[in-house]
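Heads up: the structure comes next, in structure tokens.
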Amino acid sequence: MAISNEYLQSVFDGLKQRNANEPEFLQAVEEVLESLVPVIEARPELQKAGIIERIVEPERIVMFRVPWVDDQGRVQVNRGYRVQFNSAIGPYKGGLRLHPSVNLSILKFLGFEQIFKNSLTTLPIGGGKGGSDFDPKGKSDNEIMRFCQSFMTELCRHIGPDTDVPAGDIGVGAREIGFMFGQYKRLTNEFTGVLTGKAIPSGGSLARKEATGYGLCYFADEMLKDCGKSFQGKKVVISGSGNVAIYACQKATQLGAKVIAVSDSNGYIRDDNGIDYRTLQEIKEVKRDRIKTYVNYVPSAVYTEGCRGIWTIPCDIALPCATQNELDEQSAEALVKNGVIAVAEGANMPSTPGAIACFQKNGVLFGPAKAANAGGVATSALEMCQNSARLSWSFDDVDEKLHGIMKTIYRNASEAAKKYGVEGNLVAGANIAGFEKVADAMLWQGISY
Ligand code: NDP
């Protein structure tokens, strides 16, 4: 598929040549550049200032060795990364991912998306992402701690409360953030809000844990309302059973829907009576167990091996909350055939380009990740505010602010789409609304970065 603008295509061709081995990064950039065609055509000053050439190149990438000792006394070595993509509107901000699949392509795609997502939140945060190919699965608490301490020993040179503020992502929850925060504090002798997603007694924000999943449902709710629909009485399928999936399950249930399936990378459980999010929470957060054990608690649930089959379950609303490219064209066709009315992305880039095209062609309401899952990072920015002011807000206060932010994101994405002649296309609208603010800040700051 060619980008329908010669200049944007030529920037993309150059990027492809320089980053031929980074498919996920190229996929993310191509989608954004295609959306920006009407903006570049309407605003020639952006081309003149080389905004596109600059925005696709990270400001800085740090790659480092992470040595640690396992429980058998053997030395292990992983690779650590921090991609500091864009600081035009604030300090770099974005999660840390610990997963064996982590590589530069995945972190650059995530960091690139993060620029626009963070801009959409309306809060002053730049884009970044980081992590390691370390696999936390099957590791003891002590091994996790030793890895996190070693990782932070190098990372601490590159971050700071006004420079770069990492958070959690796949494989990084409150436990890992705690080990990293403790090490940062020890190395720098400072108690600052350098990481978000902290535990409450260490300066964490109430409602941060819930924020991405709740925000996803608030966004989907706005999308549905705009068409006179709601969550009430709808059947919902959610992939994943991690942080985002658990709280999407809780909020969708509170909004009157019935969540009938959730998954992990091995398989999925289905229960047409509705998944109990408290049991899900107990299994995943307390026991750190596999999703198949859900059937031991709830006998009416059925477990099926293999995670992709989840998209063949008939539902009204699909919320992919696991990982990138988990929902392909074939899965999208199955969802459409079974009557899905709305899809909102909790994970980052979970739908392949073919799947998105299928939803759009068939009139399915589609909420793209950078808008729909921005509630997590927005609440992280609220955690930064509380840390700077040395205050803590109540759960309801934070939740109310989150709800307001998600409504604004929906409105801004939807209005940007209308302004540039692609009404109803939230993929384009989110890319455009996120981009324009960053581009204007870059224009204003001159060609320093
Ligand atoms: P977690 O590590 O808490 O959970 C990830 C879940 O997805 C696990 O249940 C995992 O299962 C499952 N999973 C992984 N691969 C697959 C697959 N191919 N099919 C089905 N399930 C799979 O991560 P989060 O919930 O934090 O993150 C999920 C997604 O949301 C990621 O894309 C992340 O970037 C994005 N996101 C997260 C935010 C946050 O605040 N946490 C904010 C914005 C976006 P298993 O245990 O088997 O690996």
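Numbers here simply count residues along the sequence, with the first being 1. We count ligands from 1, going down the list as the structure has it; atoms in each ligand are counted the same way.
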So among Lys251, Gln250, His403, which one has a side-chain hydrogen bond (donor to acceptor under 3.5 Å, both in side chains) with Tyr214? Gln250

Looking at ligand 1, would [X] count as a contact under a 4.0 Å heavy-atom criterion?
X: Arg308; result: no
X: Gly171; result: yes
X: Lys137; result: yes

Numbered atoms of ligand 1 (with element) below 4.0 Å of Cys321, judged on heavy atoms: 28 (C), 29 (C)

Atoms of ligand 1 under 4.0 Å from any heavy atom of Asn373, numbered from 1 in the order shown, are 43 (C), 44 (C)

Could you tell me if Lys139 sits above the aromatic ring of Trp68, with its cationic atom closer than 6.0 Å to the ring centre and no more than 45 degrees from the axis? no

Say whether [X], considering both its backbone and side-chain N or O atoms, lies within less than 3.5 Å of an N or O atom on ligand 1.
X: Asn348; value: yes
X: Glu326; value: no
X: Ser241; value: yes
X: Leu110; value: no

Quick one: sort the Phe147 and Phe151 rings into parallel, tilted or perpendicular, breaks at 30° and 60°. parallel

Which label fits His158 and Phe64: parallel for a plane angle under 30°, tilted from 30 to 60°, or perpendicular past 60°? parallel

Tell me, which protein residue and heavy-atom name are nearest [atom], and how many Å apart are they?
atom: atom 33 (C) of ligand 1; result: Asp169 OD1, 3.1 Å
atom: atom 17 (C) of ligand 1; result: Cys307 SG, 3.9 Å
atom: atom 37 (C) of ligand 1; result: Val244 CG2, 3.4 Å
atom: atom 15 (N) of ligand 1; result: Thr323 CG2, 3.6 Å
atom: atom 20 (C) of ligand 1; result: Asp264 O, 3.3 Å
atom: atom 3 (O) of ligand 1; result: Asn243 N, 2.9 Å
atom: atom 29 (C) of ligand 1; result: Ala322 O, 3.3 Å

Heavy-atom distances under 4.0 Å decide this one: backbone, side chain, both or neither, for [X] against ligand 1?
X: Arg97; value: side chain
X: Arg290; value: side chain
X: Glu345; value: neither
X: Thr212; value: side chain

Short side-chain to backbone donor-acceptor contact, Arg208 and Gly376, under 3.5 Å: yes

Could you work out, for atom 47 (O) of ligand 1, the closest of Ala347, Gly375, Ser265 by heavy-atom distance? Ser265

Selected option - heavy-atom contact closest to atom 8 (C) of ligand 1, from Gly173, Gly242, Pro100: Gly242

Thinking salt bridges, do Asp276 and Arg278 make one under a 4.0 Å N-O criterion? yes

If you measure from the Lys or Arg side-chain nitrogens to the Asp or Glu carboxylate oxygens, is any gap between Glu154 and Arg82 under 4.0 Å? no

Here the pair of heavy atoms bringing Ile432 nearest to Ala416 is CG2-CB, 4.2 Å

Knowing that exactly one of Val343, Ile317, Leu224, Val340 qualifies, which makes a side chain to side chain contact (heavy atoms under 4.5 Å, CB included) with Leu365? Leu224

Using the test side chain to side chain contact (heavy atoms under 4.5 Å, CB included), find all partners of Arg79 that sit at least two apart in sequence or belong to another chain. Met63, Tyr81, Asp133

Between Phe85 and Tyr92 (judged by ring centroids, cut-off 6.0 Å), do the two rings come close enough to count as a pair? no

Pairwise salt bridge (charged side-chain N to carboxylate O under 4.0 Å, His left out) hits with a residue in residues 256-275, at least two apart: Asp264-Arg290, Arg270-Asp272

